[in-house]
Amino acid sequence: MNNQALGLHGKMSRLRIRRLMNRLVLGMISIISATVFFIILSLLYIIVRKGLSDIDIHFLIGLPEEIDAGGGVGPFLWNSIYILVLSLLLSLPIGIGAGIFLAEYAPNNRIMEWVRAAIESLASVPSIVFGLFGYALFVEYFQIGVTILGASITLALLNLPVLARVSEEAITAVPSAWREASFALGATKAQTIVKTVLPAAMKGILTGISLVACRAFGESAIILLVGGTSSSGEMWDFHLLSEGATLPVHLWYIQSEALVADAQQIAQKTSALLVLLVLFLSFIIRFPLWLSQRKKRY
């Protein structure tokens, strides 16, 4: 009887120790997460506070000035949106399609292992390397100069490995039982992918799209080498062979080489605008997913 009581007491002691350790680890993780979250919010607040109050419609759609104060960032803002849309139109079908192929159709052999390793390696390559490739291809080889077209295609190449890898992981995470249930109901492979697998994997895919879109919107190295450091000087320029400097490049130029009297104010307003646009872009991409989840709950 005493042995049983001692054994029970030992088990209870170990259980209390485990619960205490669990609370300590949970508390440490919560403190670290709250600290990181607070630091990020503080940085965002500092960046936005300095320039947000001075942003007006003239700054958003006005033309930049070379010497006089009071210029806007209209052409650079337009180029940022235009290049982002073009790069996503090129990269989304190919990247998500590659992820579907790797997850659903690709054989499990050594060649595909090499392909996956190559994709992972490309996903970690610095953007400056893609920029040098785009410069060699479009500026040196095709000799079309620094253009919106070259910048868009190079950004699409930067996005492709990440999109393919994220899409593959999201599709692979869908339970096999869902596919088997779809096949049991008479659906084909393509119907199963479109109607069952992709909707279930959409959360992960949208996360990947949000990551590459925000990364492309804030990219500067590729734009500097392939898109140029200036714009055509027109607000709504759809010409693909125009120079394609974007907001990040304009921010670099203002901080390093600009002669305008209000360069510091323009840099602060441009920084605040970039932060707000990246947050808005991330929200817009994920909003349909949040809306569909809300409808399912109710």
Side-chain angles (χ1 to χ4, degrees), residues 29 33 81-125 127 130 152-219 222 277-298:
I29 294 175
S33 301
I81 299 172
Y82 191 31
I83 291 175
L84 174 65
V85 172
L86 290 177
S87 66
L88 291 179
L89 288 176
L90 293 171
S91 61
L92 287 183
I94 302 175
I96 297 176
I100 294 172
F101 173 78
L102 291 172
E104 297 291 336
Y105 294 101
N108 189 16
N109 54 31
R110 180 152 314 203
I111 295 177
M112 297 315 302
E113 291 179 3
W114 291 343
V115 171
R116 289 185 174 91
I119 292 175
E120 291 181 357
S121 299
L122 286 173
S124 60
V125 170
S127 60
F130 284 92
S152 302
I153 297 176
T154 309
L155 273 180
L157 295 176
L158 176 70
N159 293 338
L160 279 177
V162 179
L163 276 174
R165 197 71 185 108
V166 171
S167 300
E168 182 190 4
E169 291 293 335
I171 293 170
T172 305
V174 177
S176 300
W178 294 20
R179 298 175 176 83
E180 295 171 359
S182 179
F183 293 146
L185 293 173
T188 63
K189 180 78 170 179
Q191 289 174 332
T192 299
I193 293 173
V194 173
K195 296 184 178 181
T196 303
V197 176
L198 286 181
M202 191 54 63
K203 183 177 181 180
I205 294 175
L206 283 178
T207 299
I209 295 174
S210 177
L211 288 173
V212 299
C214 294
R215 180 188 183 188
F217 192 83
E219 180 58 43
I222 288 177
L277 287 176
V278 169
L279 293 175
F280 179 73
L281 180 62
S282 180
F283 173 78
I284 287 297
I285 293 175
R286 298 187 63 85
F287 180 75
L289 180 62
W290 292 335
L291 190 61
S292 63
Q293 290 177 344
R294 184 179 179 84
K295 288 181 178 179
K296 288 179 181 179
R297 292 176 184 174
Y298 298 101

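Quantities reported herein were computed from a predicted structural model and do not represent experimental measurements.
Nearest heavy atom pair, residue Thr172 against residue Ala103, reads OG1-CB, 3.7 Å. Contact between Pro161 and Leu122 at its shortest, heavy atoms only, is CG-CB, 3.6 Å. Annotation for Ser127 and Ile222: closest pair O-CG1, 3.4 Å, computed over non-hydrogen atoms. Of all heavy-atom pairs between Leu158 and Arg215, the closest is CD1-NH2, 3.4 Å. Closest heavy-atom contact between Gly208 and Val166: CA-CG1, 3.6 Å. The minimum heavy-atom distance between Glu104 and Ile171, with the atom names listed, is OE2-CG2, 3.3 Å.
Atom CD1 in Ile119 sits 11.0 Å away from atom CG in Leu163 (nearest 0.5 Å). To the nearest 0.5 Å, atom CG of residue Leu155 and atom CG of residue Leu86 are 10.0 Å apart. The CZ atom of Phe217 sits 10.5 Å away from the CD1 atom of Ile83 when rounded to the nearest 0.5 Å. Note that CG of Leu89 and CD1 of Ile94 are 11.0 Å apart. Values are rounded to the nearest 0.5 Å. How far CG of Leu90 is from CD1 of Ile153: 6.5 Å, rounded to the nearest 0.5 Å. The OG atom of Ser152 lies 9.0 Å from the CG atom of Leu84; values are rounded to the nearest 0.5 Å.
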### Message
Using side chain to side chain contact (heavy atoms under 4.5 Å, CB included), reason through Val197 and Arg179 one step at a time and then give a plain yes or no.
### Response
CA-CA 7 Å; Val197 176; Arg179 298 175 176 83; 3.9 Å; yes
### Message
With side chain to side chain contact (heavy atoms under 4.5 Å, CB included) as the criterion, how do Ile100 and Leu198 come out once you've worked through the C-alpha distance, each side chain's angles and the decisive distance to 0.1 Å?
### Response
CA-CA 9 Å; Ile100 294 172; Leu198 286 181; 3.9 Å; yes
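The number of heavy atoms from other shown groups lying within 6.0 Å of NZ (Lys195) does not exceed 12. The neighbour count for Tyr105 OH, taken as heavy atoms of other residues, nucleotides or ligands under 6.0 Å away, is above 12.
Inter-residue side-chain proximity for Leu160 and Leu157 is flagged as met; some heavy-atom pair is nearer than 4.5 Å. Between Phe101 and Glu168 there is no side-chain heavy-atom pair separated by less than 4.5 Å. Between Ser91 and Val212 there is no side-chain heavy-atom pair separated by less than 4.5 Å.
Distance alone, capped at 3.5 Å, is enough to place a donor-acceptor pair between the Thr207 side chain and the Lys203 backbone. At least one donor-acceptor pair under 3.5 Å links the side chain of Ser124 to the backbone N or O of Ser121. Asn109 places a side-chain N or O within 3.5 Å of a backbone atom of Met112 that can act as its donor or acceptor partner.
Note on ring orientation: taking the six-membered ring where Trp is involved, the planes of Phe287 and Phe283 are tilted (angle from 30° to 60°).
Checking Val278, Ile285, Leu279, Leu277 one by one against Cys214, the side chain to side chain contact (heavy atoms under 4.5 Å, CB included) holds for a single residue, Val278.
With respect to the salt-bridge test (charged N to carboxylate O, under 4.0 angstrom), the residues Glu169 and Arg165 qualify.
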